[in-house]
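Lettering of chains follows the sequences in order, A, B, ..., and the numbering in each one begins at 1.
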There are 2 protein chains.
Amino acid sequence: MDKRITIQDIANLTGLAKSTISRALNNDSKISETTRALVKKVAKDNHYHPNLVARSIATHQSRLIGIIIPAFENQFFSRILDAIQSCAANQHYQLIIATTNEQPHREIQAVKAMRNQMVAGIIIASTGKIQNYHQLIGSLPVVFIDRVVNARESNHFNSILVDNINGSYNVVNQMLANGAERIGVIANNLFQKKSNRLIGYQKALVDHNIPFDSDIVKYASQDGKDAAPLASQLLINQACDGIFATDNTILKAILRQLTTQQVANLQVGTFDDNSYLSLIGMPIIANQQPATEMGIEAFKILSNQISHPHQPVKHIKLKTTIKNYT
Amino acid sequence: MDKRITIQDIANLTGLAKSTISRALNNDSKISETTRALVKKVAKDNHYHPNLVARSIATHQSRLIGIIIPAFENQFFSRILDAIQSCAANQHYQLIIATTNEQPHREIQAVKAMRNQMVAGIIIASTGKIQNYHQLIGSLPVVFIDRVVNARESNHFNSILVDNINGSYNVVNQMLANGAERIGVIANNLFQKKSNRLIGYQKALVDHNIPFDSDIVKYASQDGKDAAPLASQLLINQACDGIFATDNTILKAILRQLTTQQVANLQVGTFDDNSYLSLIGMPIIANQQPATEMGIEAFKILSNQISHPHQPVKHIKLKTTIKNYT
DNA sequence: TTGAAAGCGCTAACAA
DNA sequence: TTGTTAGCGCTTTCAA
């Protein structure tokens, strides 16, 4: 039960050669049906399971896919992971997953570790702060999700992004249509994609002939800790009748602030959807990100590139959908 | 940049033997400081990175740890994963993670795949429906978290569990102390641990001299889809003034029901904490599970067992803490 | 302190 | 169709 049986053991058991066993087990074409059946039976009876590490060293391939995300405790990425895992399991890929906590050095370390483990490819939600990804990746198949690599290299790598401009435009647009006239923003300025969300905000203002006022665009730190007082400022000092949060963490801070500070007729909009929003009992306009679709697409592109190395680079941009909570 | 450099290349470069390179790089004791320095410099200059797969096949060891959970989209397990990942990264372990969606056959498949990948050990939140885990695991180090293996084998494997009886007791106890007199339950009857949560409920009733009424203990399906109408029944037909949810999914369904059905002075209690509860604006008594601690402990026990194989089996039971949301 | 050689479990030419 | 042999990149005896 404990000592693993090898291909050699089966060879001894059957009197055949190692290579014959290997071929029979791998459904190689040139092998007689009888020996194939015999080998498979003996293998099964003796609980043989191939040592994937040995196979990997022999073939220079692996059924291992690396995934790098900021953190597990983030519903958006959780949903992406669930989607990828389903696809991967179907095709007998296993997943090596690492997190960065938005720290570039951990991202680099993770990529290196995965390469050393001979993964077949990597899916990365980058911190966006790596200078020379080409050098890090070499010719390893890779798909960037949600975050772009960096401005210089983004064209050279597969990517699956969300249309941030359009998404935030739609949210703000609806807030304005609902009657909001002065919409403040609390943004996270760490990532470039966040500025795209600001662009969408501005576009919506333009379409409604509302002048842009930089005084009501506030920047919160990444963990959203300081978003609450900023929300308070927007509501009291700036008399905003709407607040747009560029991500989940910020929204949560704003909502927490609003539990202590009631405001009538306030429009709340947010990028990022979250299932608990239906329980808040407050009207919120949210952007549902196609997380599952992103995961599926990422896996599809990656596995395709693994089997056919010289694919042209693919850039996919997915649309969000508006969801109204009441 | 692309062709990986091997230990043999460094041997050629320096004129030393392969084995010497290996020893120098692995800080073997019997090697002169000068050659060690030389080898390391050449290795670094040429961007040498060890092929972990080759090392693994040679040493019959690996720095890979397997983790099996029900799903990624579950805050409790997300927090456990984040904790494990931090510990693992510190000790240069990589994580292979698989999900089961509560399907036993996927759990079995995952364990087998991980064994074939020569993981050093596995951390498992089991579906709890595997008959013969001993056969599946062999002598591989393993730690079960949150869920017990099965009644028969649970003593033979390391486990880190939450004190479900005590936790639910505390919640219900507080609900009663707050004045509730008829507390209905919506439980998930799939897992044994859930029944422990019912036991805690009953213990609290006993302590308050309240007779147990099986009519107000309802069972919801695993996805919680039917919990909403059950909640409605408890409130209307059964005139409950309190509802206790045995898990997160069920709580969410109840809360959703309560948004359409206002009830004055209702006590709501739940196992499982969730950060959004502070935003609901409803008094809720929750049980905070020590997810981070569980992750840290699980990793600690596992890595200890990996380096010292013949440890006695450990069973850890962690306490939850009550959190009042308003 | 270093080198030579064997071997981990598997696959893949090349022969037979 | 099957067997023989070499080799993947590394570690690890055993010699020198």
Trainee: Does atom CD of B:Gln131 have more than 12 heavy-atom neighbours, drawn from other residues, nucleotides or ligands, at distances under 6.0 Å?
Mentor: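 Check fails, neighbour count at 12 or below.
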Trainee: Quick test: give all pairs of protein nitrogen or oxygen and nucleotides 3-6 of chain C nitrogen or oxygen below 3.5 Å, distance rounded to 0.1 Å.
Mentor:
| residue | atom | partner | partner atom | Å |
| --- | --- | --- | --- | --- |
| C:dG3 | OP2 | B:Ala17 | N | 2.8 |
| C:dG3 | OP2 | B:Thr20 | OG1 | 2.6 |
| C:dG3 | N7 | B:Ser19 | OG | 3.4 |
| C:dG3 | N7 | B:Arg23 | NH2 | 2.6 |
| C:dG3 | O6 | B:Arg23 | NH1 | 3.1 |
| C:dG3 | O6 | B:Arg23 | NH2 | 3.1 |
| C:dA4 | N6 | B:Ser19 | OG | 3.1 |

Trainee: Side-chain donor-acceptor pairs under 3.5 Å in residues 17-25 of chain A, sequence neighbours left out?
Mentor:
| residue | atom | partner | partner atom | Å |
| --- | --- | --- | --- | --- |
| A:Ser19 | OG | A:Arg23 | NH2 | 3.4 |
| A:Ser22 | OG | A:Asn26 | ND2 | 3.4 |

Trainee: Scan for ring-ring contact (aromatic ring centres under 6.0 Å, His included) pairs involving residues 91-115 of chain A, sequence neighbours excluded, and state none if there are none.
Mentor: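 Non-adjacent pairs meeting ring-ring contact (aromatic ring centres under 6.0 Å, His included): A:Tyr93-A:Phe299.
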Trainee: Residues two or more places apart in sequence or in another chain: which of them pass ring pair (Phe, Tyr, Trp, His ring centres under 6.0 Å) with A:Phe144?
Mentor: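 For A:Phe144, the residues satisfying ring pair (Phe, Tyr, Trp, His ring centres under 6.0 Å) (neighbours in sequence not counted) are A:Tyr133, A:Phe157.
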Trainee: In whole angstrom, give the distance that lies between atom CD1 of A:Ile57 and atom C1' of C:dC8.
Mentor: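 That distance rounds to 10 Å.
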Trainee: Minimum heavy-atom separation for A:Glu73 to B:Asp82, with atom names?
Mentor: N-OD2, 3.0 Å
Trainee: Got a sec, which residues hit side chain to side chain contact (heavy atoms under 4.5 Å, CB included) with A:Asn155, two or more places apart in sequence or on another chain?
Mentor: A:His315
Trainee: Using the salt bridge (charged side-chain N to carboxylate O under 4.0 Å, His left out) rule, collect all pairs that involve residues 45-69 of chain A, keeping only residues at least two apart or in two chains.
Mentor: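 Only A:Lys41-A:Asp45 qualify under salt bridge (charged side-chain N to carboxylate O under 4.0 Å, His left out).
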Trainee: Scan residues 30-44 of chain B against DNA chain D and write down, sorted by residue number, each residue with any heavy atom closer than 4.0 Å; if none is found, say none.
Mentor: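 Of all residues in residues 30-44 of chain B, none places a heavy atom under 4.0 Å from DNA chain D.
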Trainee: Could you check A:Ile5, A:Ile10, A:Asp9 and say which one makes a side-chain contact (heavy atoms from CB on, under 4.5 Å) with A:Val42?
Mentor: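 Passing option: A:Ile10.
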Trainee: Residues in side chain to side chain donor-acceptor pair (under 3.5 Å) with B:Gln311, at least two apart?
Mentor: B:Asn304
Trainee: Can you tell me if B:Glu153 and B:Asn150 form a side-chain donor-acceptor pair at under 3.5 Å?
Mentor: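 Yes - a donor-acceptor pair under 3.5 Å links their side chains.
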Trainee: Looking at B:Leu52, B:Val119, B:Ile65, which one forms a side-chain contact (heavy atoms from CB on, under 4.5 Å) with B:Gln94?
Mentor: B:Leu52
Trainee: In whole angstroms, how far is the C1' atom of C:dC10 from the NE2 atom of A:His60?
Mentor: 11 Å
Trainee: List for me each residue that meets side chain to side chain contact (heavy atoms under 4.5 Å, CB included) alongside A:His60, sequence neighbours excluded, and say none if there are none.
Mentor: none
Trainee: What's the CG-P distance between A:Leu25 and C:dG9, to the nearest Å?
Mentor: 15 Å
Trainee: Reckon A:Thr59 has a side-chain N or O less than 4.0 Å from the OP1 or OP2 of C:dT11?
Mentor: no
Trainee: Are a donor atom and an acceptor atom from the side chains of A:Ser126 and A:Glu107 found within less than 3.5 Å of each other?
Mentor: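 Yes, because at least one side-chain N or O of A:Ser126 sits under 3.5 Å from a partner of the opposite role on A:Glu107.
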Trainee: When you match A:Pro50 and B:Ser29 each to their closest nucleotide on DNA chain C, which lands nearer the 5' end?
Mentor: B:Ser29
Trainee: Give a yes/no on whether any side-chain N or O of A:Asn26 is located under 4.0 angstrom from OP1 or OP2 of C:dT11.
Mentor: yes
Trainee: Please state how far atom OH in A:Tyr48 lies from atom C1' in C:dG9, giving the value in whole angstrom units.
Mentor: 8 Å
Trainee: Does anyone know the first and last nucleotide of DNA chain D in reach of chain B, 5' to 3', at under 4.0 angstrom to a heavy atom?
Mentor: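 Footprint of chain B along DNA chain D, 5' to 3': D:dG9 to D:dT13.
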Trainee: So if I take the C1' atoms of five pairs at each end of the helix from C:dT1-D:dA16 to C:dA16-D:dT1 and get each local axis, what angle do the two axes make, rounded to 10 degrees?
Mentor: 40°
Trainee: Rounded to whole Å, how long is the line connecting atom CD1 of A:Ile7 with atom P of C:dA12?
Mentor: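 Taking atom P of C:dA12 as the reference, CD1 of A:Ile7 is at 11 Å.
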Trainee: In whole angstroms, how far is the P atom of C:dG9 from the CG atom of B:Asn116?
Mentor: 14 Å
Trainee: Give every residue pair that meets the salt bridge (charged side-chain N to carboxylate O under 4.0 Å, His left out) criterion with at least one member in residues 294-303 of chain A, sequence neighbours excluded.
Mentor: A:Glu297-A:Lys300
